[in-house]
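Here is how names work: the chains are called A, B, and so on, in the same order as the sequence lines, proteins then strands, and each is numbered from 1. Both backbone and side-chain heavy atoms feed into the values below; hydrogens, waters and symmetry mates do not.
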There are 2 protein chains.
Amino acid sequence: MYICAVITLSEENYLKAIYHLGKRGSQSVSTNAIARKIKAKASSVTDMMKKLAEKDLVNHKKYQGVKLTEDGQAHAIKVIRKHRLWEVFLVEKLKFSWDEVHEVAEQLEHIKSEKLTQQLDAFLGFPERDPHGDPIPDKDGNFAVTNKILLSEAEVDTKYTCVGVKDSSADFLKYLNKYNLTLGTELEVLSREDFDGSFSIRFNNIRLNVSKDIAANLFIKPN
Amino acid sequence: MYICAVITLSEENYLKAIYHLGKRGSQSVSTNAIARKIKAKASSVTDMMKKLAEKDLVNHKKYQGVKLTEDGQAHAIKVIRKHRLWEVFLVEKLKFSWDEVHEVAEQLEHIKSEKLTQQLDAFLGFPERDPHGDPIPDKDGNFAVTNKILLSEAEVDTKYTCVGVKDSSADFLKYLNKYNLTLGTELEVLSREDFDGSFSIRFNNIRLNVSKDIAANLFIKPN
DNA sequence: ATATATTTTTAGGCATGTCTAAATTTTTAG
DNA sequence: CTAAAAATTTAGACATGCCTAAAAATATAT
Ligand SMILES: [Mn+2]
Ligand SMILES: [Mn+2]
Ligand SMILES: [Mn+2]
Ligand SMILES: [Mn+2]
């Protein structure tokens with residue numbers, strides 16, 4: 001058993017940011033990218049990278065960005081697990097809307113108690129996805145995989161089910177609320193406009209034109 | 001409506017400590033008493049009292065201790081409300097034992113979201129007491145009152161119901177667990193030993209001798 | 001290939017919250 | 001009523017996490 005040095009709230013936020021930025025491709029994550037995500041200055045990021053490197057949570061090569069170590073990734077995944085479990089709790093049990101949960105989950109994800117996390121998971125029935133369709137890692141850090149694609153990559157004249165959102169900003173979610181386009185909604189892709197990349201889709205007996213930007217943020221899977 | 005400056009986690013802990021220390025008697029709370037409670041040095045307490053006084057959360061007269069202002073008391077009560085609601089949640093929904101909840105509630109009590117608190121309260125059915133029998137203030141800060149007394153003040157040959165614990169340390173709670181002396185248990189006070197202040201009580205068809213220290217930490221109310 | 005632009009790091013500073021040691025005030029005892 | 005003890009505050013320091021400005025390294029463009 002390791003004696004795992006205490007990881008601060010701030011450090012957890014950096015680990016999570018690096019994880020999210022680095023998950024596509026095995027390349028390293030740049031200081032500026034982290035700064036943008038965290039809304040901090042690049043110099044603050046450099047400072048923190050030194051601390052995380054000291055704790056063996058990242059590998060940092062000067063001027064070359066960082067990569068999470070095994071330990072760093074494992075910890076990032078634990079924070080993400082808690083974030084998503086709490087989001088499920090807020091929506092399923094406390095009647096929050098999916099556009100209201102993120103801010104509160106950002107706080108709750110830092111609560112430290114193994115037992116709390118496991119019991120919450122059980123209480124919620126071991127959910128596989130959070131209210132935005134994102135997979136919830138199990139206690140060993142394993143994610144369920146799915147064959148979801150973006151609406152922007154969909155084939156015309158094909159039926160899909162809406163399974164997630166890429167951008168889960170309140171603005172985007174409220175747009176979807178307006179048309180009752182919830183997760184699980186079945187939709188048919190009617191056409192794609194080459195000119196502006198917009199799509200025409202049908203769901204719940206309504207026909208809707210969605211812009212390229214909308215299409216690039218809605219995950220679907222073939223029926 | 002006030003623009004209520006942000007109150008830090010540390011400040012909340014001090015407000016709560018002052019509230020608990022000050023609730024009996026309207027006298028002011030001493031620096032040393034706070035230091036003991038918070039497990040900090042007296043000099044750290046003085047520093048913090050200056051900050052809280054600056055924010056009008058306490059009144060501080062040099063060398064004379066502090067008292068909570070209306071604002072300070074209101075905020076302390078909000079933190080206590082959250083602490084106790086979360087303790088109920090952990091016990092009722094997540095199968096924690098009453099001796100395991102305090103540490104986690106110490107973290108959860110600082111989560112900032114009015115909606116979260118109100119919805120949690122509703123989800124739990126607006127409980128009036130936490131797992132240790134302590135009253136949960138409502139959203140306006142009002143406590144239910146009860147006529148509880150300590151076992152050490154009980155009359156001999158009288159029947160009572162166990163309604164709370166004064167000390168909710170894990171050690172004391174585990175002692176009670178051992179004898180299945182839970183809240184709601186009916187008990188009869190059989191005798192009191194003048195020599196050492198111990199009591200003989202009967203409950204659940206067992207007879208138990210409890211020391212002065214135990215008796216001074218168990219709240220009961222007459223049947 | 002070199003000058004320019006961009007990225008990243010370093011240097012120095014600030015706020016928070018803690019500490020130890022010393023000074024000051026209040027309390028207690030003789 | 002004073003002298004010692006206890007409580008409290010002040011002074012100076014340190015770690016964390018952030019900032020701005022300047023320096024250094026890397027990337028880009030002609
Ligand atoms: Mn979220
Ligand atoms: Mn989410
Ligand atoms: Mn508690
Ligand atoms: Mn309690």
Whether each nucleotide of nucleotides 22-28 of chain C has a protein heavy atom under 4.0 Å at its base (B), only at its sugar-phosphate (S) or at neither (-) is summarised, 5' to 3', as --BSS--
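Each of A:K112, A:K78, A:K55 was compared with A:E12 under the salt bridge (charged side-chain N to carboxylate O under 4.0 Å, His left out) criterion, and only A:K112 meets it.
A 6.0 Å sphere centred on NZ of A:K139 holds no more than 12 heavy atoms belonging to other residues, nucleotides or ligands. Within 6.0 Å of CD on A:Q107 lie more than 12 heavy atoms contributed by other residues, nucleotides or ligands.
For B:K148 and B:F219, the positive end sits near the middle of the six-membered ring, less than 6.0 Å away and at most 45° from its axis.
Close placement of the B:H83 and B:H102 rings is indicated, their centers lying within 6.0 Å of each other.
Base pairing of C:dT18: its partner is D:dA13, meeting the Watson-Crick or G-U wobble criterion (both donor-acceptor distances under 3.5 Å).
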Test A:W86 against A:D130 for side-chain hydrogen bond (donor to acceptor under 3.5 Å, both in side chains), laying out the working first. CA-CA 9 Å; A:W86 282 115; A:D130 83 358; over 6 Å; no
Restricting to nitrogen or oxygen on both sides, can you table the protein-nucleotides 19-21 of chain C pairs closer than 3.5 Å?
residue: C:dC19; atom: OP2; partner: B:K41; partner atom: N; Å: 3.0
residue: C:dC19; atom: OP2; partner: B:S44; partner atom: OG; Å: 2.5
residue: C:dC19; atom: N4; partner: B:D47; partner atom: OD2; Å: 3.4
residue: C:dT20; atom: O4; partner: B:S43; partner atom: OG; Å: 2.9

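Among the heavy atoms of the strands lying under 4.0 Å from B:T46 is at least one base atom, whether or not backbone atoms are also near.
With 3.5 Å as the limit, one finds a donor-acceptor pair spanning the side chains of B:T146 and B:R129.
Listed by chain and number, the residues in a salt bridge (charged side-chain N to carboxylate O under 4.0 Å, His left out) with A:D171 amount to none (sequence neighbours excluded).
Closest to the B:H60 side chain, of the nucleotides D:dG17, C:dG17, D:dT9, is D:dT9. When the nucleotides D:dG17, D:dT9, C:dT10 are ranked by their closest atom to the side chain of A:M48, D:dG17 comes out on top.
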